[in-house]
Amino acid sequence: VGGDMMADYPKQLRERITKFREQKGVSESRMSRELGQSKCYLQQISSGKTLPSMGAFFRIYEYLETLPIEFFWDDGIEKETMEDVKSVRF
C-alpha cells in the first residue's frame, strides 16, 4: 500500500461515512445517539477531529447496512458485484 493511499485513508473514511449516512437519511446527531455515543460523535469524525476505533467502525458499518469493503473500494464498483459480495455468508 502506497504512502499516498494511507495518507488519504482518514479523509476517505470520513467521506464514506457521510455518504452512507446521508443515503440512509439520518442526521449526525441521531446516528451518534443510536450508536450509543454523544450527539457530537459523528460531527467530530466528519470534521477530522477523531477517527472511530475498530469496534466503533464495525458498529458504524452495521448501522449503515454496508460492508467494510464499501468504505475502501473505489466508487466505481458495480452494484451487481456488491450485491454478490453481500450475499456471501461465512
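Since we're looking at a predicted model, the values are computed, not measured.
With rounding to the nearest 0.5 Å, the separation of CE in M31 from CD in E22 is 11.5 Å. One distance of note links CG of L42 with CZ of R14; it measures 12.5 Å at 0.5 Å rounding. The structure places CD of Q23 at 11.0 Å from OG1 of T18, a figure rounded to the nearest 0.5 Å.
Residue pairs that meet the ring-ring contact (aromatic ring centres under 6.0 Å, His included) test with at least one member in residues 28-53, sequence neighbours left out, do not exist here. Screening residues 32-53 for salt bridge (Lys or Arg N to Asp or Glu O under 4.0 Å), with sequence neighbours left out, gives R30-E34.
Using a distance-only test at 3.5 Å, with no hydrogens or angles considered, no donor-acceptor pair links the side chain of S32 to the main chain of C40. At distances below 3.5 Å, at least one donor-acceptor pair connects side-chain atoms of K24 with backbone N or O atoms of Y63.
Here F57 pairs with Y61, F71, F72 under the ring pair (Phe, Tyr, Trp, His ring centres under 6.0 Å) rule; sequence neighbours left out.
Taking 4.5 Å as the limit, every side-chain heavy atom of R21 sits out of range of all side-chain heavy atoms of I60. A 4.5 Å side-chain heavy-atom check between Q37 and Q44 finds every atom pair outside the cut-off.
For the pair L64 and I17, the tightest heavy-atom approach, listed with the atom from each and the gap, is CD1-O, 4.2 Å.
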